2 protein chains.
Amino acid sequence: MAQTPARTLTREGIAAAALVVLEREGLAGLSMRKVAAEAGVQAASLYWHVRNKEELLDLLGDALVADAELPPRTGGWREQYLEYGRRYRALLLARRDAAKVVAGRLTTGPHVLAVLEDQLDRLRAAGFADADAAMAAYLLSAYVQGFVLQEQSPLSAAEAAGASRGQAARAAGDVFRALPAETHPNLVALADDLTDPDMDSRFEFGLQRLADGLAALLRQR
Amino acid sequence: MAQTPARTLTREGIAAAALVVLEREGLAGLSMRKVAAEAGVQAASLYWHVRNKEELLDLLGDALVADAELPPRTGGWREQYLEYGRRYRALLLARRDAAKVVAGRLTTGPHVLAVLEDQLDRLRAAGFADADAAMAAYLLSAYVQGFVLQEQSPLSAAEAAGASRGQAARAAGDVFRALPAETHPNLVALADDLTDPDMDSRFEFGLQRLADGLAALLRQR
DNA sequence: ACCTGAACACCGTTCAAGT
DNA sequence: ACCTGAACACCGTTCAAGT
């Protein structure tokens, strides 16, 4: 019954196994031992290919953007920039805990580099100065990652135990409405606005503000 | 020698102990056992006051914004909004791993609520519609958290082992410059812009874009 | 009501040893 | 060169038992 040894364990294979474990167990449940098992190998074997867990997570982060589909190169820079943001968000939402993996992780993996290269190319072609193009790219990733991080996280540790986002939002709204109106009049008044569960609209709002801000930059050149 | 038992363990005391451990060991080193030891108690005792580690981190997240100083209520809404962003960033940078703690954590702790209440009050006074005020507040926190998360994280797992940000940035620039110019011409050309270690300027750039975007919103009412 | 001791089922990482 | 077995020093969490 001796299973034939993997013998072909590679960094790509490790990343693929990590993706499977991430989807099944979430980031909190992703251990070196489970990734190793998924790859058909002992935990200690991973350390031949990878310095530590942090480096494995770098691999995973790059693998997460491997199947990114770039927006069509049609229309103005603005529409392309918006589409970039929307697709990046969709990509992160599509995989469990993806934002948590990617958020504070500045990798120079091949897939990340390819996307960045393409995005910079479009921004420069649109007329942005070099430094502004670099900033615009950085800005978009910070916004999308920050947004999805909030979006993917449970509304509170208390609600983590089951409850749809709609229910959780209503519960959060109740918290606001229950506050004393003398001390927190604005929270009481805006309870509905603050807990609007339509995340697409919220995301789009911020994205449009970013694009507006960048557009102003382009006009004054 | 029997140390007098804590007897006065409270949620506030736990949060204070957690702050100390966070500063000393970082988020990765913050364990229930160490927080308990810092509070002069056994690990199991914490579970009387807190459901699990996640709830303890919620407490910690709220405690982190406890000593936030709100910007002066002078000048236009724009300057106040900018100052809000700058001070929030400074607050997160002042404490070790603060952005990681706070990032995907939607708490309704008292300190968080107080800040949000104040911010909404200013935005509404400036003439923003209710929904827009709620969005503007959400947008700022997503941006600042996303930005500082990148800023506080090591530039790459490889460089994590010592090396100033300036050095790390130069190393990252070398990575870009070393890419083949045929496949990654923009990364090669913008290597300096992409790795500019002046994070204050980068942050300010994004912040100004956000304010510009919101200003456009205000004009069209 | 609040805290402890002891246990359970895990972790990441190292390192000699195997092939 | 690559993988394993076994160990080390930890984890979060539970639960009977103490006061």
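Computed from a predicted structure; not experimentally measured. Naming: A, B, ... by sequence-line order, numbering from 1 per chain.
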Should B:Trp48 be listed as having a side-chain N or O under 4.0 Å from OP1 or OP2 of C:dC2? yes
Cation-pi check, B:Arg89 to B:Phe147: give yes when NZ or CZ is under 6.0 Å from the six-membered ring centre and within 45° of the ring axis, no otherwise. no
Residues A:Asp198, A:Arg202: salt bridge by 4.0 Å N-O rule: no
Taking the side chain of A:Ser31 as its heavy atoms from C-beta onward, which of C:dT13, D:dT4, C:dC11 lies nearest to it? C:dC11
Roughly how many Å is it from CG in B:Leu27 to P in D:dG12, rounded to a whole number? 11 Å
Compare side-chain N and O positions of A:Lys34 against OP1 and OP2 of C:dC11 and report whether any pair is under 4.0 Å apart. yes
Any donor-acceptor pair under 3.5 Å linking the side-chain atoms of B:Asp193 with those of A:Tyr138? no
Any side-chain N or O of B:His49 less than 4.0 Å from the OP1 or OP2 oxygen of C:dA1? no
Could you tell me whether A:Glu204 and A:Arg86 make a salt bridge, using a distance below 4.0 angstrom between a side-chain N and a carboxylate O? yes
Can you measure B:Met32 atom CE to C:dA9 atom C1' for me and round it to whole angstrom units? 17 Å
Applying a 3.5 Å limit to both distances, which nucleotide forms a Watson-Crick or G-U wobble pair with C:dC10? none
Identify the nucleotide, in any strand shown, that forms a Watson-Crick or G-U wobble pair with C:dC15, with both distances under 3.5 Å; if there is none, say none. D:dG5
If you find the nucleotide of DNA chain D closest to A:Ser45 and the one closest to A:Arg33, which residue's nucleotide is nearer the 5' end? A:Ser45
